[in-house]
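The structure appears right after this line, and notes come after that.
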Amino acid sequence: MNRALQILQERGFIQQCTDFEGLSALMDAGPVTFYVGCDPTGPSLHIGHMVPFFALRHLHEAGHIAIALIGGGTARIGDPSGKTEMRKMLTYEQIDENSERIRKQLDAFIGFDGKTAFTANNKDWLANLNYIDFLRDIGVHFSVNRMLSFEAYRKRLETGLTFIEFNYQLLQSYDFLQLYDRHGCRLQIGGDDQWGNIVAGIELIRRIRGVETYGLTFPLVTTSDGKKMGKTEKGALFLDPALTSPYEFFQYWRNVTDADVKRFLLMFTFLPVSECEALGSAKDSAINQAKERLAWEVTALIHGKEEADKALQAARALFGKGGTAGDADAVPTYRIAAKRIQQGILAIDLFVESGLCPSKSEARRLIQQGGAFVNEEKVTELEKMLDISSIQDGILLLRAGKKRYVRVRVE
RNA sequence: GGGGAGAUUCCCGAGUGGUCAAAGGGGGCAGACUGUAAAUCUGUUGGCUCAGCCUUCGUAGGUUCGAAUCCUACUCUCCCCA
């Protein structure tokens, strides 16, 4: 088997391939141009988007030519795959803005050089498509009967599917054709929910250009307790530090279930396979250290080593014995005017203001249930007042439950 | 175009004039146990100036001492027929 494919397989990336031997032979013969698509439907990528891009990096490092396709055109419609409801329509301005932000995030992760790795935006060929021409040239090759047999559309037939969403597959197939024509792209990789769309693109190219292209999909990554990957209290685990701080990002990986450690090390880090396996097979306290390693590695890849170090340090300070919050710079910090503390402030109010509790009722509940701490001391009275005496070195540490910390900095 | 069903708190889903901030489950949060894990058990889960008050049951009106529950109109969704 081709070396690059072997790496992907060892690391658990491969779910399905349209023609394993054919692809392997093609890749052995020389650099293959391939692409991953991603629709800019939000302002930031989240970790769920990243599996194909980790795979992209592996292939790129193996000498193949990577295209990251930003779906500035397809985002105007919305892919029904894996969705149970129609997507919200975004304005064109929003999509363009999202596209740019996502392009930057990908650039930071992949490092586009414009030759062996670059981006494309399908807006360039989709935005001004002529409907009649499109139907004549592309539409004829699609069978509605066939499309309806796809899982993605069949499901939606029960809940409702609009015509524009139904067209998504044609557009994605057309993307592949365009990338083949423009850049000689021969391989499309993506999440397994894209299988139907990928296969459709391959068939289109075969019919129109008489050329064999390939598709490769990755498993949909879930946590071993069956939840979707990357879910936090606040929603998805975003790459944008403004949406998910590096510390929160780090903590997500730090708190992964034992059973997921090996798999995540293989997929979300570039540590050697043997090391991933050794770390992931550890037990008891050793597995805990492996989680710390996992968290540091992934955080470093996304946010850089410096941020990863800070997050690690903060986590150790808060969770290690006898640690202080003073040097835990990465911990979310809330700033408050010194005057307000001098006047005295209700603990309840501070928990709400700092963002640890969404409402005063929740803050009260937290105190009643014994989960509210100020400077690691349990708050026992609902009406607890805080003043200067709680401040140490200009800082006051709030904790909600076992893991959620906020530092309050008095200025 | 015709006929039918429906819209309930984060989600699913009960409720059909007062005892409803609304059963049950899921999810979330907290506590116990632990390893910042899993499993398990317990509590909790609209807001507030909290023994009380306020806002919620698609939207807008109406009936009533009193409505998520009845009436009217509207909006949206689904199903069947064309």
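Within every chain, numbering begins at 1; the chains are lettered A, B, ... in the order of the sequence lines, protein sequences first and strands thereafter.
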Closest to side chain of A:Gln369, choosing from B:G31, B:U36, B:G43: B:G43
More than 12 heavy atoms from other groups under 6.0 Å of CG on A:Asp133: yes
Partner of A:Phe268 under ring-ring contact (aromatic ring centres under 6.0 Å, His included), chosen from A:Phe249, A:Trp253, A:Phe13: A:Trp253
Distance between C1' atoms of B:A68 and B:G15 (Å, rounded): 8 Å
Between B:A73 and B:G27 - P atom distance, rounded Å: 43 Å
Closest nucleotide among B:A30, B:G35, B:A38 to the A:Leu366 side chain: B:A30
Length of the line joining A:Asp349:CG and B:G47:P, which is rounded to integer Å: 15 Å
For atom CZ of A:Arg404 and atom P of B:G28, their distance in whole Å: 13 Å
Donor-acceptor pair between A:Gln194 and A:Thr217 side chains, under 3.5 angstrom: no
Residues touching RNA chain B, which here means a heavy atom under 4.0 Å, drawn from residues 351-363 of chain A: A:Ser359, A:Lys360, A:Ser361, A:Glu362
Sugar-phosphate only, base, or nothing, as touched by A:Val261 at under 4.0 Å among non-hydrogen atoms: nothing
Distance-only donor-acceptor check, side chains A:Thr116 and A:Asp113, under 3.5 Å: yes
Same-atom distance (P) from B:G52 to B:G62, integer angstrom: 30 Å
For B:A23, the Watson-Crick or wobble partner whose two distances fall under 3.5 Å: none
Crowding at CZ, A:Arg182 (>12 non-hydrogen neighbours, <6.0 Å): yes
Nucleotide paired to B:A14 in any strand shown, Watson-Crick or G-U, under 3.5 Å: none
A:Asp387 versus A:Ser389, side-chain donor and acceptor atoms under 3.5 Å: yes
A:Arg399 CZ - B:C29 P separation (whole Å): 15 Å
Whole-Å gap separating C1' (B:G28) and NZ (A:Lys403): 14 Å
Sugar-phosphate, base or nothing in reach of A:Gln251, heavy atoms under 4.0 Å: base
Spacing between A:Asp260 atom CG and B:U36 atom C1', to the nearest angstrom: 16 Å
Rounded C1' spacing from B:G2 to B:G18 in Å: 41 Å
5'-most by nearest nucleotide on RNA chain B - A:Gly370 or A:Glu383: A:Gly370
Spacing of the C1' atoms in B:G25 and B:A32 (rounded, Å): 24 Å
Interatomic distance where CZ belongs to A:Arg365 and P belongs to B:C48 [whole Å]: 9 Å
Closest-nucleotide ordering on RNA chain B, the 5'-leading residue of A:Glu292 and A:Ala372: A:Ala372
A:Tyr405 and its ring-ring contact (aromatic ring centres under 6.0 Å, His included) partner, picked from A:Phe319, A:Phe351, A:Tyr247, A:Phe373: A:Phe319
I'd like a list of close polar pairs between nucleotides 32-34 of chain B and the protein, N/O only, cut-off under 3.5 Å.
from  : atom 1 : to       : atom 2 : distance (Å)
B:C33 : N4     : A:Lys402 : NZ     : 3.4

Ring centre gap for A:Tyr214 and A:Phe34 strictly below 6.0 Å: no
For A:Cys17, the option from A:Leu216, A:Leu8, A:Leu5 that meets side-chain contact (heavy atoms from CB on, under 4.5 Å): A:Leu216
Nearest listed nucleotide, side chain of A:Phe319, among B:G47, B:U36, B:A30: B:U36
Counterpart residues, side chain to side chain donor-acceptor pair (under 3.5 Å), relative to A:Gln16 (two or more places apart): A:Asp192
Nucleotide paired to B:C78 in any strand shown, Watson-Crick or G-U, under 3.5 Å: B:G4
Base paired to B:C53 (Watson-Crick or G-U; both N/O distances under 3.5 angstrom): B:G47
Partner nucleotide, any strand, of B:A68 [Watson-Crick/G-U, under 3.5 Å]: none
Distance, C1' atom - from B:C57 to B:A14, rounded to whole angstrom: 12 Å
Euclidean distance for P, B:U9 against B:A22 (whole angstrom): 15 Å
Whole-Å distance separating the CD atom of A:Gln313 from the C1' atom of B:U36: 17 Å
Donor-acceptor pair between A:Ser245 and A:Glu248 side chains, under 3.5 angstrom: yes
Spacing between A:Ile348 atom CD1 and B:G47 atom P, to the nearest angstrom: 13 Å
A:Asn167 versus A:Tyr174, side-chain donor and acceptor atoms under 3.5 Å: no
For B:A32, the Watson-Crick or wobble partner whose two distances fall under 3.5 Å: B:U40
P-based separation of B:U72 from B:A82 [nearest Å]: 30 Å
